[in-house]
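The structure appears below as structure tokens.
Chain A is the first sequence line, chain B the second, and so forth, proteins listed ahead of strands; every chain is numbered from 1. Heavy-atom basis, side chains included; hydrogens, waters and symmetry copies ignored.
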Protein chains: 2
Amino acid sequence: MSNSRNTIARTEILNLIREAGEALSHADLQASLGDLCNRVTIYRVLDRLLEERLIHKIADVDGNITYAACHDCSSRHLHNHIHFRCEACQSVTCLNRVEPEFKLPRQYVVHSMNFTVSGLCPKCSGKR
Amino acid sequence: MSNSRNTIARTEILNLIREAGEALSHADLQASLGDLCNRVTIYRVLDRLLEERLIHKIADVDGNITYAACHDCSSRHLHNHIHFRCEACQSVTCLNRVEPEFKLPRQYVVHSMNFTVSGLCPKCSGKR
DNA sequence: TTTATTAATGCAACTTAGTTGCAATTAATT
DNA sequence: AATTAATTGCAACTAAGTTGCATTAATAAA
């Protein structure tokens, strides 16, 4: 039933996102891809990958969008793990192990969530 | 020590945000204000109000920015409550009572956080 | 292998969000 | 009333994302 085609742009973009240690922005991808494809294509490939649930979208405290690979999303696609954005090195990483706990009144229906924490990452904080 | 001036634009914008039941976007504010002031002024007033910690900034799952009044931020300005965005009526509300619990490895330094959940609000879900 | 189908792409033009420099205005202080 | 510096408006700009349409190319069918 999958009518999604395996194009060079799609393959490259998915590889970049999967192999990156951190979440990538559209601008990051465009810089890496050079003129392999048009910037509009990047937007459209990202939309497709989101729809296919191969990647997910992260908005940080300022609304900046980045994309990261999904790990275990075939069954449920609720990304209730925390994303951390470092204010020093700008990196956005998924803290897959940290699942925040919370309870909404039962009248609410949850479809998706976006938990982003900003501050200093271990590399930049100098803490141990 | 406050060198912030009490202008009409500032007063109006703060009132609008405080009296709104939900978080407002720049576009919302511009629509309400009409030609009371320039749209650039709205951006600058919002920046000032953020710096003065009278309002806070919310980014939803898609990176859309809205602003809401702060309630108890004079002491600490960590907004670790959940924001809920309704996909049906587009409203963004603060769920002040719901504080998510989570623990980061101690090497991380947290400065700010953005927790946004999307789905259906009580009005739109029809649940009780 | 060739043909047919339609998803995917490139391009240009567009919208929306936000920023910047600068001259003019005005709130608050003296 | 005069002074000072914060604030504003304006115009021009950058960045992010979208849309329509003609062209290209991945996949399936013949």
Side-chain angles (χ1 to χ4, degrees), chain A residues 1-17 23-68 85 87 90 92 114 116 118, chain B residues 1-17 23-68 85 90 92 112 114 116 118:
Chain A
M1 219 70 222
S2 163
N3 44 3
S4 165
R5 292 180 183 178
N6 231 0
T7 64
I8 303 166
R10 197 192 111 113
T11 308
E12 277 307 306
I13 290 171
L14 189 51
N15 278 347
L16 282 170
I17 293 175
L24 300 179
S25 67
H26 176 275
D28 293 334
L29 289 166
Q30 193 176 357
S32 298
L33 292 166
D35 57 356
L36 182 130
C37 70
N38 190 272
R39 62 186 204 90
V40 180
T41 301
I42 303 177
Y43 283 116
R44 297 199 263 226
V45 169
L46 288 170
D47 285 344
R48 256 183 288 151
L49 294 175
L50 282 170
E51 204 159 313
E52 294 169 30
R53 305 195 161 176
L54 294 173
I55 62 174
H56 64 278
K57 192 175 179 177
I58 306 165
D60 79 359
V61 182
D62 290 309
N64 301 305
I65 302 294
T66 50
Y67 303 87
R85 176 179 170 95
E87 290 164 359
Q90 312 291 334
V92 177
N114 180 49
T116 309
S118 283
Chain B
M1 216 73 223
S2 163
N3 43 3
S4 164
R5 292 181 181 176
N6 230 1
T7 63
I8 303 167
R10 197 193 111 112
T11 308
E12 277 308 306
I13 290 171
L14 189 52
N15 278 346
L16 281 170
I17 293 176
L24 300 180
S25 67
H26 176 275
D28 293 334
L29 289 166
Q30 192 175 359
S32 296
L33 292 166
D35 56 358
L36 183 129
C37 70
N38 191 271
R39 61 186 205 88
V40 180
T41 301
I42 303 177
Y43 282 116
R44 298 200 263 224
V45 168
L46 287 170
D47 284 344
R48 257 183 288 152
L49 294 175
L50 282 170
E51 204 160 311
E52 294 169 29
R53 303 193 163 179
L54 294 173
I55 62 174
H56 64 277
K57 193 174 177 178
I58 306 165
D60 79 358
V61 182
D62 290 309
N64 302 305
I65 302 294
T66 49
Y67 303 87
R85 177 179 169 94
Q90 312 291 333
V92 177
S112 60
N114 180 49
T116 310
S118 284

Q: With the side chain of B:Val40 defined as its heavy atoms from C-beta on, choose the nearest nucleotide among D:dG9, C:dT20, C:dA17.
A: C:dT20
Q. Taking OP1 and OP2 of D:dT8, is either one under 4.0 Å from a side-chain nitrogen or oxygen of B:Asn38?
A. no
**Q.** OP1 or OP2 of D:dA26 under 4.0 Å from side-chain N/O of A:Asn6
**A.** no
Q) Looking at B:Ile8, B:Thr41, B:Ile55, B:Val45, which one forms a side chain to side chain contact (heavy atoms under 4.5 Å, CB included) with B:Ile13? A) B:Val45
Q | Nearest heavy-atom neighbours spanning B:Thr116 and B:Val61 | A | O-CG2, 4.1 Å
Q) Quick one: are B:Asn6 and B:Thr11 in side-chain contact, heavy atoms under 4.5 Å? A) yes
Q.
Checking contacts here: which listed nucleotide (C:dG18, C:dA13, C:dC11) is nearest the side-chain heavy atoms of A:Arg39?
A. C:dA13
Q | A:Ser25 side-chain N/O to D:dA16 phosphate OP1/OP2 under 4.0 Å | A | no
(Q) Between B:Arg10 and D:dT7, is there a contact of a side-chain N or O with OP1 or OP2 at under 4.0 Å? (A) no
Q.
Under 4.0 Å, counting only non-hydrogen atoms across every strand here, what does A:Ile42 touch: a base, just sugar-phosphate, or nothing?
A. nothing
Q: Please report the shortest heavy-atom distance between B:Leu36 and B:Glu12, naming the atom on each side.
A: CD1-CG, 4.0 Å
Q: Give me the bend of the helix from C:dT1-D:dA30 to C:dT30-D:dA1, using the axes of the five pairs at each end, rounded to 10°.
A: 30°
Q) So does B:Arg44 reach the base of D:dG9 with its side chain, donor to acceptor, closer than 3.5 Å? A) yes
Q. So what does B:Ile8 hit on the nucleic acid, given a heavy-atom distance under 4.0 Å: a base, only sugar-phosphate, or nothing?
A. nothing
Q: Select one nucleotide: of D:dA5, D:dT8, C:dT6, the one nearest the side-chain heavy atoms of A:Arg5.
A: C:dT6
Q) Picking from C:dG21, C:dT9, C:dA12, which would you name as closest to the side chain of A:Ala9? A) C:dT9
Q | A:Asn64 side chain near A:Arg85 side chain, heavy-atom distance below 4.5 Å | A | yes
Q.
So if I take every side-chain heavy atom of A:Thr7 and compare against D:dC10, D:dA26, D:dT8, which nucleotide ends up nearest?
A. D:dA26
Q) What residues form a salt bridge (charged side-chain N to carboxylate O under 4.0 Å, His left out) with A:Arg10, not counting sequence neighbours? A) A:Glu52
